[in-house]
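In what follows, a structure is listed as structure tokens, so that the remarks can point back to it.
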Protein chains: 2
Amino acid sequence: MKTISSDIVWRGSSWRLRVDELETGDGERVTKGVIEHPGVVVLVPLQEGEGGPEVLMLRQYRLALDETILEVPAGTRGWDEDWLACAQRELREETGFRAASFHLLGEFWASPGLSNELMRLYVATDLEADPLPGDPDEQIELETWPLAELAQMAQHGRLHDAKSVIGILQTAVFLSTP
Amino acid sequence: MKTISSDIVWRGSSWRLRVDELETGDGERVTKGVIEHPGVVVLVPLQEGEGGPEVLMLRQYRLALDETILEVPAGTRGWDEDWLACAQRELREETGFRAASFHLLGEFWASPGLSNELMRLYVATDLEADPLPGDPDEQIELETWPLAELAQMAQHGRLHDAKSVIGILQTAVFLSTP
């Protein structure tokens, strides 16, 4: 495919919309919108509970859904922000804790058909209270859940946020692998 | 939060960008972009291989990434299209097979911080050759992979597409649960 033109048609505070005019091999013209995105840190903050590991989860209002959903903490990186600095900042803003240790489990694209949003997954441990003020447009409540229960929900389609399903399942595998 | 204004600023062939002006509880003004999306079917087409179940996978060029990646078949629904009709159409377009049976495993949001894109996951079985022409802007190659190998990759962060990680892991759980 040949690119005929490529323009940024909207810039938000964290991502932008690019629109490309393309010509296919048959000479057909196609218009495609693409989200240019700086990426997201996805966090699984762990603490020891009485019955095993527990995860700090969020109950968060999402404007795009007009719904409040259960998710792991996560946040958009600044374009030039260091990934680990972003992870610590988002953890403090969203949960009120800092972590002494972040372990990178992997990375994945959220929706590569329309966006280059890369999600980088960290397990955060050795937590200690150290809050930062959150974004004024975020409506968040903190909840503590047993990892084993979340893993059951993630395996059987009862957790409805993609990054949370992957974060919980890969964390469960990581902890059970010596 | 109070909505001051809400406008569609771009319409593509499958999704559109809405931009909202919001006022927070403190009277602060915030601009947020939101993708309005008709949703996606995510397919795990299974066939019996010599060593166990195999999955029809795609090696697909993604404009947003400017990269070719390994994914399960998937496709965007038309705004008024029936989900199962969409599943059968996308399966035929992308793999050249139709399925006699689709089993809904669950659904999840791809990236609820910016989009209402809902991904609905189906296991497709009893496959039979029955191709439909694909989209002219899609560059796809079909590959057959053992499910067990994909599940290992998904568990350990070696598959980098969110819907594929979830599709493979939930399918592996589904098949191992009598």
**Asked** Taking C-beta and beyond as the side chain, do B/E67 and A/W109 meet within less than 4.5 Å on heavy atoms?
**Response** yes
**Message:** Quick check on the interface: out of B/A74, B/G75, B/A110, who has the most heavy-atom pairs with chain A under 4.5 Å?
**Reply:** B/A110
**Fill in**
Given B/L169, B/T76, B/I69, the one with more heavy-atom pairs under 4.5 angstrom with chain A than any other is B/I69
**chain B contact via A/Q139 - side chain, backbone, both or neither, heavy atoms under 4.5 Å** = side chain
**Prompt:** Shared ILVMFWY cluster between B/V41 and B/V55, side chains joined below 4.5 angstrom?
**Reply:** no
List, one per line, each side-chain donor-acceptor pair under 3.5 Å for residues 149-156 of chain B, sequence neighbours excluded.
from   : atom 1 : to     : atom 2 : distance (Å)
B/H156 : ND1    : B/Q152 : O      : 3.0

**Complete:** OG1 of A/T3 to CG of B/L63, rounded to nearest 0.5 Å, is 7.0 Å
**Prompt:** If you measure from NZ on A/K163 to CD1 on B/I166, what distance do you get to the nearest 0.5 Å?
**Reply:** 10.5 Å
**Asked** Which residues in residues 77-89 of chain B have any heavy atom lying under 4.5 Å from a heavy atom of chain A?
**Response** none
**Asked** Is there a path from A/W145 to A/V42 through hydrophobic residues (I, L, V, M, F, W, Y) whose side chains come within less than 4.5 Å of each other?
**Response** yes
**Asked** What heavy-atom pair brings B/E117 and A/S111 nearest, and what distance separates the two atoms?
**Response** OE1-OG, 2.8 Å
**Request:** Starting at CG of A/L114, measure out to OG of B/S115 and round the result to the nearest 0.5 Å.
**Result:** 6.5 Å
**Asked** Do A/I35 and B/I35 have side chains that get closer than 4.5 Å, going by heavy atoms?
**Response** yes
**Request:** Indicate if A/L43 and A/L56 have the same hydrophobic cluster label, given that clusters are the connected sets of ILVMFWY residues with side-chain heavy-atom separations under 4.5 angstrom.
**Result:** yes
**More than 12 heavy atoms of other groups within 6.0 Å of A/E48 CD** = yes
Pair up each side-chain donor or acceptor in residues 96-107 of chain A with any protein partner under 3.5 Å, not counting sequence neighbours, and list the distances.
from   : atom 1 : to     : atom 2 : distance (Å)
A/R98  : NE     : A/D130 : OD2    : 2.7
A/R98  : NH2    : A/D130 : OD2    : 3.1
A/S101 : OG     : A/T125 : OG1    : 3.3
A/E107 : OE1    : A/R120 : NE     : 2.9
A/E107 : OE1    : A/R120 : NH2    : 3.2

**Prompt:** Is there a path from A/L46 to A/L127 through hydrophobic residues (I, L, V, M, F, W, Y) whose side chains come within less than 4.5 Å of each other?
**Reply:** no
**Prompt:** Looking at B/A172, B/A64, B/G12, B/G157, which one has more heavy-atom pairs under 4.5 Å with chain A than the rest?
**Reply:** B/A64
**Request:** Using a 4.5 Å cut-off on heavy atoms from C-beta on, say whether the side chain of B/V165 contacts that of A/Q170.
**Result:** yes
**Item:** Top contributor to chain A contacts, counting heavy-atom pairs under 4.5 Å, from B/D161, B/N116, B/L65
**Value:** B/L65
**Prompt:** Would you say B/L159 and B/V123 are hydrophobically clustered, going by side-chain heavy atoms of ILVMFWY under 4.5 Å?
**Reply:** yes
**Item:** Closest contact, heavy atoms only, B/P112 versus A/E71
**Value:** CG-OE1, 4.5 Å
**Item:** Considering all heavy atoms, the nearest B/F108-A/A162 contact
**Value:** CD1-CB, 3.8 Å
**Message:** Please check if the number of heavy atoms outside A/E143 that lie under 6.0 Å from its CD is greater than 12.
**Reply:** yes
**Prompt:** What parts of residues 13-27 of chain A touch chain B if we use heavy atoms and a cut-off under 4.5 Å?
**Reply:** A/W15, A/L17, A/R18, A/V19, A/D20, A/L22, A/T24
